[in-house]
Amino acid sequence: MENLHHIVVVGGGAGGLELVTSLGNKLGKRNKARISLVDAGLTHVWKPLLHEVASGSLDASANEINYRAHARKHHYEFQLGRMNGLDRAAKEIIIAPFLDEEGHEVVPERRIQYDTLVIAVGSTANDFGTPGAQDHCLFLDSLRQARRFHNLMLNAFLRKNHEANQGKPHTLNISIIGAGATGVELAAELRLASRELPVYGMNHLQSSDVSISVIEAADRILPALPGRLSAAATRELERQKVKVLTGQPVSEVRENSLVMKDGTELPSEMTIWAAGIKAPPFLAELGGLETNRSNQLLVTQTLETTRDTDIFAFGDCAACPQPDSDHPVPPRAQAAHQQADALFKTLCNRLEGKNPVAFVYNDHGSLINFSRYTTVGNLMGNLSGRSMYIEGKVARLFYVSLYRMHQVALHGFLRTGIIWLMDKISRAMHPRLKLH
Ligand SMILES: Cc1cc2nc3c(=O)[nH]c(=O)nc-3n(C[C@H](O)[C@H](O)[C@H](O)COP(=O)(O)OP(=O)(O)OC[C@H]3O[C@@H](n4cnc5c(N)ncnc54)[C@H](O)[C@@H]3O)c2cc1C
């Protein structure tokens, strides 16, 4: 064990967990390398589910994977901890002291030696320094934040239901800043919650008492996606009585309102920031590795960092060039999934002295899910390169398949089939919304 090549993957998210699973199954199991995963949390939930956890239409605990249990099954080691430094000369990563919920130190700062290091620590919301955003916005970067959002939302509904019962004004204003896929999908989820909660006992409140606004600085929602998709999504949001405000940058967030660039003030008791992402700030000063303005580590097409061939990075935290494009690979689960696959081959090749695999992103299209209402999207033709517009049940099927592919990568086909069946049973047994 001592002399085995040690591959350390930091970040067990959409990409990192898939990578350690394949490496563990292939190399760890046969004692060809020692595989370790380091993550700041004890469990994994696929990040694109977080807005459903926040609204309550998904119970996270049923979709949570415990790293320790998963590691045991897939022949890798798990280390709980938050990486905050790197000593490239000693080939060691530095893990911050681990504190309990009361702030008491459980484990002091420690170092983990590596032969090959892979950084896959994802991204966090980018508030672009907007005054008040950190103090008054909710974010959806982690399971903890999604759960906090859910609790705050239930309390806000409870308060408004009570006020309605007392004959007081009781409109609940919710604003989502940023109309990318996350903001748009969250709006639809919240509209569903506003329709369901009165059914479960908050019957003084009506869905129309919950005002949901999606606010976008660009001149259309889903600015990164084709115009047709954006038009279809706008129609769908308006059908669900979600206000769509475009071309309206937010210049300040206050406790119960938003100040727009033109000076107008909009009431907002719950404000969610979903505009833009950046990689975790600690990467910007990590052992002299090269980063861009969003703190993303610069990597070559083989996902090697530009200044150290023993360190790789991928997923949201890496800026990977694309041939024939000025833009790096987009920060999406789809990209992290494909990169995990390419990097798995590269790391296996490395042990055998073979060449790394060049990563080419294959955009399969984009799908926007409007909770249980509908799904719209475009699928890319592999050969023609043209996109095909789809909506409704077919689109929903493709949308769900992205998560199922992630589950297959983590559990294999058989277990994914069983999980799918259990999901169906669970949905039939439980309320349509998580109520606690
Ligand atoms: C609400 C929401 C909806 C989305 N919907 C879609 C979608 O429909 N389709 C799509 O393609 N993409 C979607 N995305 C984007 C997608 O989730 C990300 O692109 C994807 O998760 C990136 O994968 P990753 O492995 O790079 O990082 P992540 O999945 O974010 O994982 C990062 C991991 O690193 C760990 N970590 C972070 N910092 C440290 C540290 N210092 N030390 C140790 N561990 C650390 C974290 O705990 C986490 O486990 C959505 C994102 C959000 C927030």
Side-chain angles (χ1 to χ4, degrees), residues 8-20 36-55 58 64-65 67 78-86 93-96 98 112 118-125 138-146 149 176 178 180-187 189 222 224-225 272-277 279-283 286 295-297 303 313-320 329-340 343 361 363-369 375 377 398-403 405-406 409:
V8 176
V9 178
V10 185
L17 189 56
E18 291 192 9
L19 178 64
V20 282
S36 295
L37 171 68
V38 177
D39 198 284
L42 273 172
T43 61
H44 162 83
V45 169
W46 197 56
K47 205 172 175 186
L49 298 178
L50 290 185
H51 60 296
E52 294 182 42
V53 175
S55 71
L58 188 93
E64 220 170 341
I65 295 174
Y67 288 122
F78 172 67
Q79 299 254 12
L80 175 65
R82 182 171 290 280
M83 176 182 177
N84 67 355
L86 172 67
I93 61 167
I94 301 160
I95 309 287
F98 182 71
I112 299 173
V118 180
I119 302 176
V121 292
S123 59
T124 57
L138 295 161
F139 298 88
L140 281 185
D141 289 329
S142 64
L143 183 58
R144 194 180 53 79
Q145 289 176 342
F149 179 103
I176 300 165
T182 304
V184 168
E185 292 187 350
L186 178 65
E189 289 294 340
L222 302 172
L225 300 183
I272 302 99
W273 191 278
I277 59 141
F282 82 97
L283 294 180
L286 195 65
N295 308 329
Q296 286 174 308
L297 293 165
L303 304 172
F314 77 108
D316 285 8
C317 73
C320 174
V329 172
R332 298 166 73 177
Q334 192 184 150
H337 172 75
Q338 292 176 27
Q339 288 180 329
L343 199 48
Y361 176 54
D363 186 354
H364 294 303
S366 302
L367 294 153
I368 310 297
N369 188 45
T375 305
F398 279 102
Y399 180 82
V400 173
S401 69
L402 189 60
Y403 181 42
M405 271 157 57
H406 178 63

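When a ligand or atom number is given, it counts from 1 through the structure's own listing order. Only heavy atoms go into these numbers, but all of them, side chains included; no hydrogens, no water, no symmetry mates.
- Contact atoms of ligand 1 toward Tyr67: 49 (O) (distance under 4.0 Å to a heavy atom of the residue).
- Atom-to-atom distance recorded for Phe149:CZ and Leu140:CG is 6.5 Å, nearest 0.5 angstrom.
- Contact between Tyr399 and Leu367 at its shortest, heavy atoms only, is N-CD1, 3.5 Å.
- Of all the listed residues (Gly16, Pro331, Gly15), Gly15 holds the heavy atom that lies closest to atom 24 (P) of ligand 1.
- With a heavy-atom cut-off of 4.0 Å, Val10 touches ligand 1 through its side chain alone.
- Of all the atoms in ligand 1, the ones that sit under 4.0 Å from a non-hydrogen atom of His51 are 1 (C), 3 (C).
- Annotation for Phe78: atom CZ counts as buried by contact number, over 12 foreign heavy atoms lying within 6.0 Å.
- Close N/O approach between Ala333 and ligand 1 is found [any backbone or side-chain N/O within under 3.5 Å].
- A 4.5 Å side-chain heavy-atom check between Asp363 and Arg332 finds at least one atom pair inside the cut-off.
- Taking the side chain as every heavy atom from C-beta outward, Pro280 and Met83 never approach each other to under 4.5 Å.
- No side-chain heavy atom of Trp46 sits under 4.5 Å from any side-chain heavy atom of Ile65.
- Regarding atom 45 (C) of ligand 1, its nearest protein heavy-atom neighbour is Val121 CG1, 3.8 Å.
- For ligand 1, the atoms lying closer than 4.0 Å to a non-hydrogen atom of Leu140 are 53 (C).
- Looking only at heavy atoms of the protein, atom 9 (N) of ligand 1 is closest to Leu402 CD2, 3.9 Å.
- In this comparison of Ala181, Ser366, Gly122, Ser142, the heavy atom closest to atom 27 (O) of ligand 1 sits on Gly122.
- The protein heavy atom nearest to atom 41 (N) of ligand 1 is Met83 O, 3.0 Å.
- Side-chain contact between Leu402 and Pro48 is absent, with no heavy-atom pair separated by less than 4.5 Å.
- Listed for the Gln334 side chain is no donor-acceptor partner under 3.5 Å among the backbone atoms of Tyr361.
- Checking Asp39, Leu80, Leu286 against atom 49 (O) of ligand 1, the nearest heavy atom belongs to Asp39.
- Residue contact check: Gly315 has heavy atoms under 4.0 Å from atoms 26 (O) of ligand 1.
- Any N or O atom pair closer than 3.5 Å counts here, and Arg332 shares at least one such pair with ligand 1.
- A 4.5 Å side-chain heavy-atom check between Ile368 and Glu185 finds at least one atom pair inside the cut-off.
- Using a distance-only test at 3.5 Å, with no hydrogens or angles considered, a donor-acceptor pair links the side chain of His44 to the main chain of Gly12.
- Closest to atom 31 (O) of ligand 1 among all protein heavy atoms lies Gly13 CA, 3.1 Å.
- Backbone and side-chain nitrogen or oxygen atoms of Ala14 are examined, and one is located within less than 3.5 angstrom of a nitrogen or oxygen of ligand 1.
- Of all protein heavy atoms, the one lying nearest to atom 7 (C) of ligand 1 is Pro48 CB, 3.9 Å.
- Atoms of ligand 1 lying under 4.0 Å from any heavy atom of Arg82, numbered from 1 in the order shown and given with element: 38 (N), 39 (C), 40 (C), 41 (N), 42 (N).
- Near Ala336, with a cut-off below 4.0 Å to any heavy atom, the atoms of ligand 1 are 23 (O).
- Atom numbering of ligand 1 starts at 1 in the shown order; those under 4.0 Å from a heavy atom of Ala40 are 43 (C), 44 (N).
- Ranking protein heavy atoms by distance to atom 34 (O) of ligand 1, first place goes to Gly11 CA, 3.3 Å.
- Gln339 and Gly315 make their closest contact through OE1-N, 2.8 Å (heavy atoms, listed as atom of the first residue, atom of the second, distance).
- Near Gly81, the atoms of ligand 1 lying under 4.0 angstrom from a non-hydrogen atom of the residue are 42 (N), 43 (C).
- The protein non-hydrogen atom at the shortest distance from atom 26 (O) of ligand 1 is Asp316 N, 2.9 Å.
- Comparing heavy-atom distances from atom 8 (O) of ligand 1 across Tyr399, Tyr403, Trp46, Phe139 singles out Tyr399 as nearest.
- Residues Cys317 and Ala279 share a closest heavy-atom pair of CA-CB, 4.0 Å.
- Contact detail for Ala313 and Leu297: the closest heavy-atom pair is CB-CD1, 3.7 Å.
- In the model, Glu189 has no side-chain atom that pairs as donor or acceptor with a side-chain atom of His51 under 3.5 Å.
- The single protein non-hydrogen atom nearest to atom 2 (C) of ligand 1 is Thr182 OG1, 3.5 Å, given as residue, atom name and distance.
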